[in-house]
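A short write-up of the structure that comes next.
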Amino acid sequence: MTNVRLEDIKRRFNNVTAIEDISFEIPDGEFWVLVGPSGCGKSTILRTIAGLETATSGNLFIGDRLMNNIPARQRDVAMVFQNYALYPHMTVAQNIAFGLQMRKVDAKIIQERVINVARSLSLEHLLDRKPKQLSGGQQQRVALGRAIARQPQVFLLDEPLSNLDAQLRDDTRAELKQLHQNLAITTIYVTHDQVEAMTLADKIVVLNRGRIQQIGDPQSIYALPANQMVASFLGNPPMNILPAIYQYSGFNISGQLLEIPPDLQAKLPLSQGQSVDLGIRPEHIHIHQPQPQANQDDTVVNSSQLMVEVKVVEPLGRETLIRVSLPDSSALLNVQLGGGVRLRPGDRLTLQLDLNQLFIFDST
Ligand code: ADP
């Protein structure tokens with residue numbers, strides 16, 4: 001069993017605390033992603049697990065073994081870096097074999113492993129090439145191959161796709177997922193890219209300023225973010241955040257009243273005049289369609305509606321992303337609509353917000 005357990009890990013560099021209160025346990029064979037903005041401490045956590053960094057305090061277990069004082073070499077973990085770190089003078093086959101040779105593995109076993117790994121990563125036809133004769137994507141596959149060949153107990157990946165162009169990144173991401181499904185090695189993956197986190201992870205650990213903000217599976221974190229940082233970090237386009245003031249019967253947003261039905265109001269732990277930040281995802285805002293048979297009042301802005309002006313229209317094929325502004329506000333809201341929507345900058349719209357999907361955060 002290769003579960004990885006961190007207990008209250010802290011790392012200080014001189015008088016700067018890079019990470020603190022870091023505790024989680026990854027069950028054997030799961031794929032966990034550490035995600036957060038640059039500088040939030042992701043790499044420090046990964047390097048601490050690898051043994052490239054020493055925690056100032058706290059305990060690290062791999063399996064049942066306390067690793068605090070065990071050198072990197074003896075941890076049976078393999079790490080893949082953003083810059084591949086291949087040996088330029090060695091062929092692909094030699095690069096994949098290197099870690100095994102260092103461990104004095106039998107030459108016949110090495111040969112078999114190199115062939116198996118090359119096959120699983122579609123590198124068989126490249127085994128005799130040197131790294132500089134390979135594309136970025138191929139080099140990254142060799143780096144992965146070198147790590148896999150060692151059959152480590154734990155696989156650590158530090159932004160492994162960030163040097164690849166967009167299409168290659170998507171393809172390699174899918175390959176990585178498949179590879180993990182086949183190998184089922186406990187994997188810890190660091191990225192600042194929320195799409196990678198959402199698509200790859202069994203569990204996501206969201207970090208900010210050296211602390212864990214939330215741990216959960218991608219869907220739960222997306223549906224129930226623990227705070228505004230998590231809400232606005234996961235999701236593309238991100239959750240809209242609207243500063244508002246709670247008033248009798250609803251929220252005042254830049255002078256417009258977003259009415260809240262009494263049953264919902266009763267559940268809100270808010271006081272009159274309280275400033276809050278409202279969060280709503282782009283897919284939970286719709287264009288208000290007045291009912292043809294409705295009475296005149298229905299065309300008046302009421303209930304959960306907001307009047308806006310279209311500023312930017314981005315047709316993306318399957319969907320249309322629009323950015324709109326509220327009168328008296330410079331902030332733009334992202335709204336995700338269906339594919340065939342025809343709108344132009346300057347159009348005025350009434351938007352309907354799905355109140356069941358409204359998040360209320362403390363005002364920042
Ligand atoms: P991330 O991987 O999320 O970008 P890092 O783990 O690299 O973040 O860094 C977390 C914080 O620790 C940053 O403020 C960074 O400047 C600091 N830090 C990381 N390594 C060192 C170091 N060797 N010396 C001093 N500060 C460091």
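Atoms within each ligand, like the ligands themselves, are counted from 1 in listed order. Values reported hereafter were calculated over all heavy atoms of this structure, with side chains retained and with hydrogens, waters and symmetry mates removed.
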| Please walk me through it: do Asp171 and Gln167 pass side-chain hydrogen bond (donor to acceptor under 3.5 Å, both in side chains)? | CA-CA 6 Å; Asp171 294 346; Gln167 180 63 49; 3.2 Å; yes
| Atoms in ligand 1 flagged as close to Ala18, the criterion being non-hydrogen separation under 4.0 Å | 11 (C), 12 (O)
| message | Using a 4.0 Å cut-off to any heavy atom of Cys40, which atoms of ligand 1 qualify? | response | 1 (P), 3 (O), 8 (O)
| Which pair of non-hydrogen atoms, one from Asp202 and one from Pro218, has the smallest distance, and what is that distance? | O-CD, 3.6 Å
| If hydrogens are left out, which of Gly210, Ser38, Ser43, Gly41 has an atom nearest to atom 8 (O) of ligand 1, that is, the closest non-hydrogen atom? | Gly41
| task | State whether any protein heavy atom lies less than 4.0 Å from atom 15 (C) of ligand 1. | result | no
[X] and [Y]: side-chain donor and acceptor closer than 3.5 Å?
X	Y	result
Arg113	Gln151	yes
Thr48	Arg11	no
Asn3	Glu25	yes

| query | Which protein heavy atom lies closest to atom 5 (P) of ligand 1, and at what distance to 0.1 Å? | reply | Thr44 OG1, 3.6 Å
| query | What protein heavy atom sits nearest atom 23 (N) of ligand 1, and how far away is it? | reply | Phe13 CE2, 3.5 Å
| field | Electrostatic pair Glu20-Arg12, nearest N-O below 4.0 angstrom | value | no
| task | Check whether any heavy atom of Gly39 sits under 4.0 Å from an atom of ligand 1. | result | yes
